[in-house]
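Position 1 is the first residue of the sequence; numbering continues from there. All values below were derived from every heavy atom in this structure, side-chain atoms included, with hydrogens, water molecules and symmetry-related copies excluded. Just so it is clear, the model here is predicted, and its values are computed rather than measured.
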Amino acid sequence: MTNVTGDYTDCTPLLGDRAALDSFYEEHGYLFLRNALDRDLVRTVAEQMREGLVALGAADPQATLEELTIDSFESVDEVAMHDYVKYDAFWNDPSTIKVFEQVFGEPVFVFLSTTIRYYPSQAGSEQPSFHYLTPFHQDGFYIGPNQDFRTFWIPLIRTTRESGGVALADGSHRRGKRDHVLNESFRRFGHPVRGIPPTEVSEDEHLLHSPMEPGDILLFHAHMCHKSIPNLSKNPRLMRMSMDTRVQPAKSHRGFNALTPWTESAKDASKGIMAKITGTPIEVE
């Protein structure tokens, strides 16, 4: 199954109803919240990402966020970019934590590991490259030991159907963990990455994707099957800029990835999330 068949359901009206919110999440494995975050804070982080791309020589210093483009994702030092984006301050801002706690219904802990993404449009490219995107996978396959965390994905500028984002297989979390196999079509740091074969995602697990605005949140279960949709925007040729982290109940055990910044995990492919993504030996949890 490869084609999107529907939109995310807007769960914002459920925020005041604990039972309804939990019921939707348990059935579908995700929540989509419109305009839940402080837009000024989101804009600040987006500007930090733009400044990082400029400082690393990848983007035009005169370009606005809406005009920004780079030659390719691979042309930018992914580890160095983390020095410019102050995502920990954003995730732990009181207004953001309030939303997290409203979703969980209890105090939370925000992972120290955040992924930042800045994908230029490949529309019209003679040799488009998408190997840095992610195949179908479950974050709970990579991250543990507890599986009660939720992934929070946010756009830093608006996304469209053409600029892509995250596609979710509705309700797929209910089948638990699935096998992940090495996929040569997708690579990180020179290694093929593990993913779920598309044939292992049922036609009944409808693939969902919707355009999003800064301030929107998409959050989902550790066992949710999901994948990247490539950026093929044409008019305008939008960059896709986003970031994602994981949040868990404050009372839960904190594993290696909860306590280790992404940059540290990425430097050592034998540990943490990078080990399972690339299939290298894992020594710590």
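Using a 4.5 Å heavy-atom threshold, the side chains of Arg240 and Tyr118 count as separate. Residues Leu219 and Thr151 have side chains not in contact (no heavy-atom distance under 4.5 Å, counting atoms from C-beta outward). Between Ser252 and Phe109 the shortest side-chain heavy-atom distance does not fall below 4.5 Å. Under the 4.5 Å side-chain criterion, counting only non-hydrogen atoms from C-beta, Thr260 is not in contact with Leu112. Thr245 places none of its side-chain heavy atoms less than 4.5 Å from the side chain of Tyr87. In this structure the side chain of Lys227 never reaches within 4.5 angstrom of the side chain of Pro135, judged on heavy atoms. Side-chain contact between Tyr119 and Met239: absent, with no pair of heavy atoms (C-beta onward) separated by less than 4.5 Å. Annotation: side chain of Asp7 is not in contact with side chain of His209 (no heavy-atom distance under 4.5 Å).
Note on Asp244 versus Arg246: salt bridge recorded, some NZ/NE/NH1/NH2 to OD/OE distance being below 4.0 Å. Between Glu205 and Arg175, at least one side-chain N (NZ, or NE/NH1/NH2) sits under 4.0 Å from a carboxylate O, which counts as a salt bridge. Glu106 and Lys251 are joined by a salt bridge, as a carboxylate oxygen and a charged side-chain nitrogen come within less than 4.0 angstrom of each other. A salt bridge does not link Lys98 with Glu101: every distance from a Lys NZ or Arg NE/NH1/NH2 to an Asp or Glu carboxylate oxygen is 4.0 Å or more. By the 4.0 Å N-to-carboxylate-O rule, Lys86 lies too far from Glu51 to be salt-bridged with it.
Of all the heavy atoms in Asn257 and Ser113, the pair that sits closest is O-CB, 3.4 Å. Of all the heavy atoms in Val42 and Pro155, the pair that sits closest is CG1-O, 3.8 Å. Here the closest heavy-atom approach between residue Thr96 and residue Leu37 is recorded as CG2-CD2, 4.0 Å. Smallest separation of non-hydrogen atoms from Leu133 and Phe186: O-CD2, 3.2 Å. Taking both residues in full, the closest heavy atoms of Ser121 and Asn231 are given as N-ND2, 3.3 Å, listed atom of the first, atom of the second, then distance. Nearest approach of Ala46 to Leu65, heavy atoms of both residues: O-CD2, 3.4 Å.
Taking the six-membered ring where the residue is Trp, the centroids of His173 and His221 are separated by under 6.0 Å.
In this structure a side-chain-to-backbone donor-acceptor pair under 3.5 Å is missing from Gln248 to Phe149. Within the 3.5 Å criterion, the main-chain N or O of Met212 finds no donor-acceptor partner in the side chain of Asp216. Checked by atom type and distance alone, the side chain of Glu213 never pairs as donor or acceptor with a backbone atom of Asn35 at under 3.5 Å. Although no hydrogens or angles enter the test, the distance criterion places no donor-acceptor pair under 3.5 Å between the side chain of Ser242 and the main chain of Ile116. Between the Glu67 side chain and the Thr64 main chain, a donor and an acceptor come within less than 3.5 Å of each other. Arg150 contributes no side-chain N or O that, together with a main-chain N or O of Ala222, makes up a donor-acceptor pair within less than 3.5 Å. No donor-acceptor pair under 3.5 Å is formed between the side chain of Ser172 and the backbone N or O of Leu168.
In summary, the side chains of Ser95 and Asp38 do not present any donor paired with an acceptor at a separation below 3.5 Å, with no hydrogens or angles considered. Inspection of the His137 and Asp139 side chains reveals an N or O donor paired with an N or O acceptor under 3.5 Å.
Between Trp262 and His82, the ring planes lie parallel to each other; the angle is under 30°, not in the 30° to 60° tilted range. Relative ring orientation between His28 and Tyr30 is described as perpendicular, the plane-to-plane angle rising above 60° on a 0-90° scale split at 30° and 60°.
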Exercise for review: Show your working on salt bridge (charged side-chain N to carboxylate O under 4.0 Å, His left out) between Glu66 and Arg43 and close with a plain yes or no.
Suggested key: CA-CA 12 Å; Glu66 290 70 26; Arg43 184 76 179 189; 2.9 Å; yes
Practice item. Could you please spell out the steps behind the side chain to side chain contact (heavy atoms under 4.5 Å, CB included) verdict for Val166 and Leu218? Key: CA-CA 9 Å; Val166 180; Leu218 180 65; 4.0 Å; yes
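Linking Ile, Leu, Val, Met, Phe, Trp and Tyr residues whenever their side-chain heavy atoms come within less than 4.5 Å leaves Val76 and Val54 in two separate clusters. Connection of Ile154 to Leu238 is not established within any shared hydrophobic cluster, with ILVMFWY side chains joined at heavy-atom distances below 4.5 Å, either directly or through further cluster members.
Residues that satisfy the ring pair (Phe, Tyr, Trp, His ring centres under 6.0 Å) test with His180, not counting sequence neighbours, are Phe141, Tyr142. When the side chain to side chain donor-acceptor pair (under 3.5 Å) test is applied to Ser163, the partners found at least two apart in sequence or on another chain are Thr160.
For the pair Arg254 and Phe111, the cation-pi test (distance below 6.0 Å, angle within 45°) is failed.
Screening Gln138, Gln147, Arg178 for a side chain to side chain donor-acceptor pair (under 3.5 Å) involving His223 leaves a single residue, Gln147.
Atom CZ of Arg34 sits in a crowded spot, with more than 12 heavy atoms from other residues, nucleotides or ligands closer than 6.0 Å.
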